[in-house]
Amino acid sequence: MSASRSIIFQIFKRKELLLYLVLLIAGLSLLGWLWGRIIIASVSLKYIPIAPSTALMFVVLSILSLVINKFEKSRIAQTITITVIAIAMLFCLLIFLDYLYGFKWDIENIFIKNPEKFGSVPIGRMSPITSLLLIFICIGILGIKQNNVKFSKYIGGSFSIFTVLISSILVIGYLYKAPLLYGGNTIPVALPTAICFLLFSVTLLRLTEMTFWPFNLLLNN
């Protein structure tokens with residue numbers, strides 16, 4: 001019994017454990033889109049499914065974080081990290097700017113040409129809130145990468161805290177069927193997306209070892 005408890009403790013002690021859950025959720029969601037089984041990407045027919053571009057971003061960023069954690073001193077890994085994060089941030093920034101300014105072109109056409117609608121929310125399109133939180137996640141990953149630079153670690157940790165707080169509100173909104181951030185009946189951030197953000201941001205806080213002042217301030221209070 002003590003041996004099994006020790007194994008379970010060692011498993012949960014691994015800081016990157018939750019990233020595997022993110023990979024599982026996002027990977028199954030992508031398969032759901034490919035197989036035409038949207039319920040796999042939405043958990044319930046009552047909720048909107050996670051957008052394929054969002055699921056793909058979670059898969060890429062999760063794998064990237066795992067690689068960084070294992071090969072943090074590799075120059076090749078650092079170069080790949082910066083390149084991938086730059087592309088991811090640009091993609092998310094374009095989606096957020098499209099929401100603000102209404103571009104004539106749709107960058108997510110490469111995933112779904114003519115999305116259906118769930119109420120007023122297009123199914124298969126990344127929410128502007130999702131795009132903004134993904135940018136926060138990218139900044140958090142960069143903060144982890146700069147292990148020897150305290151300022152970068154503080155910035156990355158701070159954005160990770162913001163993501164934890166916002167994703168927690170989104171998940172609570174689903175639990176109580178009350179979209180806390182919006183006036184409509186539909187939360188534009190899918191439930192799997194909110195769960196992935198919560199798991200990912202908690203992992204980032206664990207990887208930064210939570211030794212930066214914003215977390216210490218909250219913890220002490």
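The analysis underlying the following values was restricted to heavy atoms, covering all of them including side chains, and did not include hydrogens, waters or symmetry mates.
Leu142 contributes atom CG, which lies 11.5 Å from atom CD1 of Ile137 (distance to the nearest 0.5 angstrom). Note that CZ of Phe159 and CG of Leu133 are 11.0 Å apart. Values are rounded to the nearest 0.5 Å. With rounding to the nearest 0.5 Å, the separation of CD1 in Ile139 from OG1 in Thr163 is 8.5 Å. The OG atom of Ser167 sits 12.0 Å away from the CD1 atom of Ile129 when rounded to the nearest 0.5 Å.
Between Leu199 and Ile25 the shortest heavy-atom distance is CD1-CD1, 4.2 Å. Scanning both residues, Leu66 and Leu23, for their nearest heavy atoms gives CD1-CD1, 3.9 Å. Considering all non-hydrogen atoms of both residues, Pro49 and Ile123 come closest at CG-CG2, 3.3 Å. Of all heavy-atom pairs between Ala190 and Ile48, the closest is CB-O, 3.4 Å. Nearest heavy-atom pair across Ala194 and Val189 is N-CG1, 4.2 Å.
Annotation: side-chain hydrogen bond (donor to acceptor under 3.5 Å, both in side chains) contacts involving residues 52-65, sequence neighbours excluded, comprise Ser53-Glu108. The ring pair (Phe, Tyr, Trp, His ring centres under 6.0 Å) contacts involving residues 29-65 comprise Tyr47-Tyr174, Phe58-Phe197, where partners must be two or more places apart or lie in separate chains. Residue pairs satisfying the salt bridge (charged side-chain N to carboxylate O under 4.0 Å, His left out) criterion with at least one member in residues 125-137, sequence neighbours excluded, are listed as follows: Asp106-Arg125.
Between Thr81 and Leu64, the closest side-chain pair of non-hydrogen atoms falls below 4.5 Å. Inter-residue side-chain proximity for Met126 and Leu134 is flagged as met; some heavy-atom pair is nearer than 4.5 Å.
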Please walk me through it: do Phe136 and Leu204 pass side-chain contact (heavy atoms from CB on, under 4.5 Å)?
CA-CA 11 Å; Phe136 288 177; Leu204 291 180; over 6 Å; no
Worked verdict on Arg37 versus Ile40 for side-chain contact (heavy atoms from CB on, under 4.5 Å)
CA-CA 6 Å; Arg37 306 289 183 181; Ile40 299 178; 3.7 Å; yes
Worked verdict on Ile166 versus Leu132 for side-chain contact (heavy atoms from CB on, under 4.5 Å):
CA-CA 11 Å; Ile166 296 173; Leu132 189 61; over 6 Å; no
Distance-only criterion, 3.5 Å: show the donor-acceptor pairs between side-chain atoms of residues 82-103 and protein atoms not counting sequence neighbours.
| from | atom 1 | to | atom 2 | distance (Å) |
| --- | --- | --- | --- | --- |
| Thr83 | OG1 | Thr79 | O | 2.9 |
| Asp98 | OD1 | Phe103 | N | 2.8 |

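Contacts of Ser42 classified as side chain to side chain donor-acceptor pair (under 3.5 Å), with partners at least two apart in sequence or in another chain: none. Looking at residues two or more places apart in sequence or on another chain, you find a side chain to side chain contact (heavy atoms under 4.5 Å, CB included) between Thr203 and Leu18, Leu19, Leu207.
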